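This is a predicted model, so every value here is computed, not measured. These numbers come from the heavy atoms of this one structure, side chains and all, not from hydrogens, waters or symmetry mates.
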Amino acid sequence: MAATDSLGPRVASPQDSGEVVSILVDAFYDDPTWSWAFPDPSLRSAQHRQLWGMFVDGAMRFPWVWLTPGNTATSVWIPPNETEFSDEQQAALEPAIVEMLGVKASRVLHMLEMFDQAHPRGVPHFFLSLLATSREHRGHGYGLRLLAENLRQIDEAGMPSYLEASNPANVPLYMRHGFEVLDSFTLPEGGSEVFTMWRDATPVQ
């Protein structure tokens, strides 16, 4: 699988990891799910940087982390039959969250379990772990055009895809791109509703 031409999105290299993480930190600062998980505004950016750094490191094992021209948006995908983390990375995740949050870590670990339990099994699929546009570039369609290009390649591969919408406001946007709501779950203690969404393999026209 090769990156698209120079005018389109490109596959991020390991050297781009810092830029990918910075976009995620900026974009998810006010996300209803991830601000609930890390409620202290003064600590959230640093905590998110550590968390998203782990997710990006895990995804960088595959050539499916993408950046738009100008690094305005990024998408982080996990290919079919793969995992978000290596065994070593998975083992490091819980201690890192405990170090960040102390006694408040348990509800975030429970949240991650809820994500894991909701994830469909049995049918190989691409998993959109993260899609983000930096706040200063919102409203121009960069993220959705990136998603559309990613889905075009996934359609060429004849594969379905799955995502979790951590912000309910994004559900209609994903539906425009062929995703349908599978289910939802609500985070405890006044947390947001998270929607799980599936897109069947779509024949290329």
Notebook entry, point to check: What do the steps show when you test His125 against His119 for side-chain contact (heavy atoms from CB on, under 4.5 Å), and what is the final call?
Noted result: CA-CA 11 Å; His125 59 273; His119 197 129; 2.9 Å; yes
Notebook entry, point to check: How many angstroms lie between CG in Leu43 and CD in Gln50, if you round to the nearest 0.5 Å?
Noted result: 11.5 Å
Next item on the list: Please check if the distance between the ring centroids of His48 and Tyr29 is under 6.0 Å.
Entry: no
Check: Can you name the closest pair of heavy atoms from Arg44 and Phe38 and give their distance?
Finding: NE-O, 2.7 Å
Check: Do you know the tightest heavy-atom contact between Asp40 and Ser42?
Finding: OD1-OG, 2.6 Å
Notebook entry, point to check: Taking only residues two or more places apart in sequence, or in another chain, which ones meet Asp155 in a salt bridge (charged side-chain N to carboxylate O under 4.0 Å, His left out)?
Noted result: Arg199
Checklist line | Shortest non-hydrogen separation from Gly158 to Ala201 and the atoms involved | finding: O-CB, 3.6 Å
Notebook entry, point to check: Any ion pair linking Glu156 and Arg152 (charged N to carboxylate O, less than 4.0 Å)?
Noted result: yes
Check: Which atoms form the tightest heavy-atom contact between Ala12 and Val20, and what is the distance?
Finding: CB-CG2, 4.1 Å
Margin query: Nearest 0.5 angstrom please: Met175 CE to Glu180 CD, how far?
Written below: 7.0 Å
Notebook entry, point to check: Shortest non-hydrogen contact from Ala37 to Val108?
Noted result: O-CG2, 3.3 Å
Item checked: Verdict with reasoning, Ser13 to Gln15, per side chain to side chain donor-acceptor pair (under 3.5 Å) -> CA-CA 5 Å; Ser13 71; Gln15 290 72 33; 3.2 Å; yes
Notebook entry, point to check: With a 4.5 Å heavy-atom cut-off, do Leu51 and Phe28 have their side chains touching?
Noted result: no
Next item on the list: Show the numbers, then the answer: is there a side-chain contact (heavy atoms from CB on, under 4.5 Å) between Thr74 and Trp66?
Entry: CA-CA 5 Å; Thr74 187; Trp66 292 81; 5.6 Å; no
Next item on the list: Verify the cluster assignment for Trp36 and Leu101: are they in a single hydrophobic cluster under the rule of side-chain heavy atoms below 4.5 Å apart?
Entry: yes
Check: Is the number of heavy atoms from other residues, nucleotides or ligands within 6.0 Å of CG (Asp116) greater than 12?
Finding: yes
Next item on the list: Rounded to the nearest 0.5 Å, what's the gap from NE2 on His177 to CZ on Arg145? Could you check?
Entry: 10.0 Å
Next item on the list: For side-chain contact (heavy atoms from CB on, under 4.5 Å), just list the numbers for Arg49 and Trp52, CA-CA rounded to whole Å, side-chain angles, deciding distance to a tenth of an Å, and then say yes or no.
Entry: CA-CA 5 Å; Arg49 185 167 298 277; Trp52 301 136; over 6 Å; no
Check: Are Met111 and Phe85 joined in one hydrophobic group, where the rule is that I, L, V, M, F, W and Y side chains link up if heavy atoms are under 4.5 Å apart?
Finding: yes
Check: Is there a side-chain contact between Leu146 and Thr133 (heavy atoms, below 4.5 Å)?
Finding: no
Check: If you round to the nearest 0.5 Å, how far is OG1 of Thr33 from CZ of Phe195?
Finding: 10.0 Å
Checklist line | Residue pair Leu131 / Ser75: nearest heavy atoms and the distance that separates them | finding: CD1-CB, 3.8 Å
Next item on the list: Could you tell me the separation between the CD atom of Gln90 and the CE atom of Met54, rounded to the nearest 0.5 Å?
Entry: 8.5 Å
Item checked: Contact check, side chains of Glu84 and Gln89, non-hydrogen atoms, under 4.5 Å -> no
Note to self: Within the structure provided, determine whether Ile23 and Leu67 are in side-chain contact (heavy-atom separation under 4.5 Å).
What the structure shows: yes
Notebook entry, point to check: Which distance, rounded to the nearest 0.5 Å, do you find between the CG of Leu144 and the CG of Asn170?
Noted result: 8.0 Å
Check: Which residues satisfy the side-chain contact (heavy atoms from CB on, under 4.5 Å) test with Asp30, sequence neighbours excluded?
Finding: Arg135, Arg138
Notebook entry, point to check: Same cluster for Met114 and Val98 if Ile/Leu/Val/Met/Phe/Trp/Tyr side chains link at under 4.5 Å?
Noted result: yes
Checklist line | Cluster overlap Leu151 with Phe127, hydrophobic side-chain contacts below 4.5 Å | finding: no
Note to self: side-chain contact (heavy atoms from CB on, under 4.5 Å) for Ser161 and Trp77? Distances and angles first, verdict last.
What the structure shows: CA-CA 10 Å; Ser161 50; Trp77 291 87; 3.9 Å; yes
Notebook entry, point to check: Side-chain contact, heavy-atom cut-off 4.5 Å: Arg10 with Asp16?
Noted result: yes
Note to self: What I want to check is whether the side chains of Gln153 and Glu149 have a donor and an acceptor closer together than 3.5 Å.
What the structure shows: yes
Item checked: Geometric class of the Trp34/Phe55 ring pair [parallel <30°, tilted 30-60°, perpendicular >60°] -> perpendicular
Next item on the list: Report yes or no: do Leu147 and Leu163 belong to one cluster of Ile/Leu/Val/Met/Phe/Trp/Tyr joined by side chain heavy-atom distances under 4.5 Å?
Entry: yes
Identify all side-chain donor-acceptor contacts of residues 181-193 below 3.5 Å with residues at least two apart in sequence or on another chain.
from, atom 1, to, atom 2, distance (Å)
Ser184, OG, Glu193, OE2, 2.6
Glu189, OE1, Arg107, NH1, 3.2

